[in-house]
Engineer: 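Starting off with a structure, shown below.
Proteins get letters first, then strands, A, B, ... in listed order; numbering begins at 1 in each.
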Amino acid sequence: MNEIYVDLAVIGGGPAGLASAISAKESGVEKVVVIDRNSWLGGILPQCIHDGFGVEEVGKSLTGPEYAEMYIKKAEEKGIKFMKETMVLSFNKKLQILAVNKKGLYTINSKSIVLATGCREKTRWHALIPGTRPSGIYTAGVAQSFINLYNIMPGKKVVILGSGDVGLIMARRFTLEGAEVAGVVEILPYASGLPRNVVQCLEDYEIPLFLNHTITLIEGKERIEAVTISKVDENMNVIEGSEKRIECDTLLLSLGLIPENEIAKTARIEIDDLTGGAVVNQDFETSIPNTFAVGNCLQVYDTVDVLSIDAKTAGKYAGEKLVYGGKEKFNCIKVVPGNGIRYVVPQKIDRTGKVIISLRVRKPGENLTLVIKAKNKEIFNKKMPWVNPANMVRMEFNVSEEIFSYESIEVELK
Amino acid sequence: MKKIRITCIVCPIGCKIVANKKDDKIEIVGGNKCKRGEKYAIDEILHPKRMVTTSVFVKNGEYPLVSVRTSQPVPKEKVMEIVKEMKKISLEAPVKCGDVIVKNVAGTDADIIATRTVNSIPNSV
């Protein structure tokens, strides 16, 4: 067993891990190490060859690999150490990480840990699509890595289930690579990806978007041969007689992402069932002191820009806490999602000052108000000209000392 | 006068911009949250442009492909032509992020630029 001693260990070298490592280093932490199981840094970004990254954060529209390169360079300049091709197996409340690579097993003793383990794609088994089990069914991100990294074309006639961003981007990618995209099938009455992707990836290429539809049958013995799509009613029940058969040799699934927290669970970190990520405070600290959660393992972000902004906040705070002990703490109050709200992050607040609350609404709407209540008393509100579950809502909220006389505050949409 | 609705794609918010078009004159009615949206809507109606991102073959590299983009948005109708032209190219590793692969692609004034570094693999016979 190899023993290593570090000040701060970041698990995951994607954008969230890199951004938090850089901020921690900038706030004065000496030994920062980023651990990643891949041979490269940047996580999923190198396969996201389209542009649009960095618009909000740096005011430039970069491609995924360029955005990653920007952070990798900065991390290298700051003297952050990397352990690539290293798999973290577990860690414990004493902040000892067990990891393995070609050279053997490691115990990495750290004073602070940042979890940046990313997310996974939902599979056919999350959507419970009936039919046979042929080859030719891929999650959108896997197909993206095949085409963009390894020069493997998964098929020639494609149907995409789910209108998440990766699915929309792949509809364009397949079209540019000469394949036919027969359609994108979405169970909801609206696209779940960003509007710009609906415009640039579907409308530009006249790819049909079947809203209020789902796949009700997969056919094919060795290879997928066709899918049947059916219309659903407002309760998402399949409307009999609306079936339409579409021949295809490939089915892509873009059903959404789930935070990946298998490593967090080895240390029994408290997980929020609503986000699938860790329960955190306003500085992204989890139920284990000096352990933080950032990026898509905390909550699935719309854009890498906002993800990096939060990861920097977390890294900065993790660093400051190590260097000079952090800010004054109060008793912990809960932040609870109320009417019309699917989830909120952070789930708890334990200091005064400015905090940013991220949340997702349940359904689209216009001219509404977000309200923060403490025991039915309204303490904050923000007008929302429009809301959409596909767009994460962010609101800055100034926490005053009086809030700590309550046990919880509730966020609701009126 | 024609009323046109444009979904802004400059940033992820996706403002729904409403504009009036009379001949080649565009008047923005509203819906945009920033100035960039106004410019985008006018351009999108008169001269729609797109960034092109695709990949190019690389020989003897750590990856078989290098991702590339146009140095600036190009006229929408040129997108397919550019992608097809990129298919014909094969580079020799190493390729550096920022390298200019093709100048003035398809007569658009835009260059094709590598967006990642692909190192060469050490001689493995």
Side-chain angles (χ1 to χ4, degrees), chain A residues 39-40 42 45-57 59 61-70 72-73 145-152 165 169 172-173 175-178 191 193-201 203-205 301-306 385-386 388 390-392, chain B residues 5-17 30-31 33-34 36-37 40-41 44 48-59 61-73 76-77 79-87 90 95-98 113-119:
Chain A
S39 59
W40 69 86
L45 285 168
Q47 75 181 53
C48 302
I49 65 168
H50 55 282
D51 74 311
F53 302 90
V55 176
E56 287 168 271
E57 194 191 352
S61 181
L62 305 170
T63 64
E66 290 171 311
Y67 185 94
E69 191 119 337
M70 175 175 82
I72 295 166
K73 261 193 185 161
S145 77
F146 280 6
I147 297 178
N148 293 346
L149 297 180
Y150 304 110
N151 191 30
I152 298 165
D165 288 308
I169 297 277
R172 175 175 62 187
R173 194 76 196 107
T175 309
L176 292 179
E177 288 293 332
L194 298 171
R196 70 167 166 183
N197 288 333
V198 176
V199 175
Q200 285 210 339
C201 301
E203 289 170 14
D204 272 10
Y205 301 95
Y301 284 83
D302 300 343
T303 66
V304 74
D305 300 46
V306 176
W386 57 275
N388 190 308
N391 296 78
M392 182 192 281
Chain B
R5 282 169 192 277
I6 294 280
T7 306
C8 182
I9 57 161
V10 174
C11 86
I13 294 169
C15 293
K16 303 259 184 279
I17 305 172
K33 290 187 172 57
C34 76
R36 289 185 301 174
Y40 172 78
E44 180 66 10
K49 284 187 171 182
R50 296 289 182 266
M51 285 288 272
V52 180
T53 58
T54 183
S55 49
V56 169
F57 298 117
V58 180
K59 281 183 199 149
E62 54 183 338
Y63 293 103
L65 298 167
V66 60
S67 51
V68 298
R69 65 171 168 88
T70 46
S71 55
Q72 63 196 49
K76 199 166 134 182
E77 67 274 10
V79 172
M80 267 315 199
E81 187 185 336
I82 292 172
V83 170
K84 278 183 186 146
E85 200 171 311
M86 290 308 103
K87 280 264 161 282
S90 186
V95 183
K96 277 210 145 139
C97 181
I113 291 170
T115 57
R116 83 175 294 190
T117 297
V118 176
N119 294 308

Engineer: Within a strict 4.5 Å, meaning less than it, do heavy atoms of the E69(A) and T115(B) side chains meet?
Structural biologist: no

Engineer: What's the separation between atom CG in L149(A) and atom CZ in R116(B), rounded to the nearest 0.5 Å?
Structural biologist: 6.0 Å

Engineer: Is there a side-chain contact between M80(B) and T175(A) (heavy atoms, below 4.5 Å)?
Structural biologist: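 A side-chain contact under 4.5 Å exists here.
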
Engineer: Given heavy-atom pairs under 4.5 angstrom as the criterion, report whether the side chain, backbone, both or neither of I147(A) touches chain B.
Structural biologist: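 Only the backbone of I147(A) comes within 4.5 Å of chain B.
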
Engineer: Where do S55(B) and I49(A) come nearest, in terms of heavy atoms and distance?
Structural biologist: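 For S55(B) versus I49(A), the nearest heavy atoms are N-CD1, 4.3 Å.
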
Engineer: Output all residues satisfying salt bridge (charged side-chain N to carboxylate O under 4.0 Å, His left out) with E57(A), sequence neighbours left out; order by chain, then residue number.
Structural biologist: K312(A)

Engineer: For a 4.5 angstrom cut-off between non-hydrogen side-chain atoms, does T53(B) reach L176(A)?
Structural biologist: no

Engineer: Which heavy-atom pair separates V199(A) from T7(B) by the least distance, and what is that distance?
Structural biologist: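 Minimum heavy-atom separation between V199(A) and T7(B): CG2-CB, 3.6 Å.
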
Engineer: Is chain B contacted by the side chain of E66(A), its backbone, both, or neither, given a heavy-atom distance below 4.5 Å?
Structural biologist: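 For E66(A), the contact with chain B is made by backbone and side chain together.
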
Engineer: If we only count heavy atoms from C-beta on, is the M51(B) to H50(A) side-chain gap below 4.5 Å?
Structural biologist: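 No, their side chains stay 4.5 Å or more apart.
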
Engineer: Could you tell me whether D51(A) and R69(B) have a side-chain N and a carboxylate O separated by less than 4.0 Å?
Structural biologist: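 A salt bridge is absent here (no side-chain N lies under 4.0 Å from a carboxylate O).
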
Engineer: When you look at NZ of K87(B), are more than 12 heavy atoms from neighbouring residues, nucleotides or ligands closer to it than 6.0 Å?
Structural biologist: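 Yes, enclosed.
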
Engineer: What part of V66(B) gets within 4.5 angstrom of chain A, counting heavy atoms only: side chain, backbone, both, or neither?
Structural biologist: neither

Engineer: Should we count NZ of K96(B) as having more than 12 external heavy atoms under 6.0 Å?
Structural biologist: no

Engineer: Would you say the side chain of R172(A) lies within less than 4.5 Å of the side chain of V79(B), judging by non-hydrogen atoms?
Structural biologist: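 Contact flag for V79(B)/R172(A) side chains = no.
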
Engineer: For F57(B), check ring pair (Phe, Tyr, Trp, His ring centres under 6.0 Å) against everything at least two apart and list the hits.
Structural biologist: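 Ring pair (Phe, Tyr, Trp, His ring centres under 6.0 Å) list for F57(B), sorted by chain: empty.
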
Engineer: Tell me, for K84(B) versus chain A, whether the close heavy atoms (under 4.5 Å) come from the side chain, the backbone, both or neither.
Structural biologist: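 Neither; nothing under 4.5 Å.
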
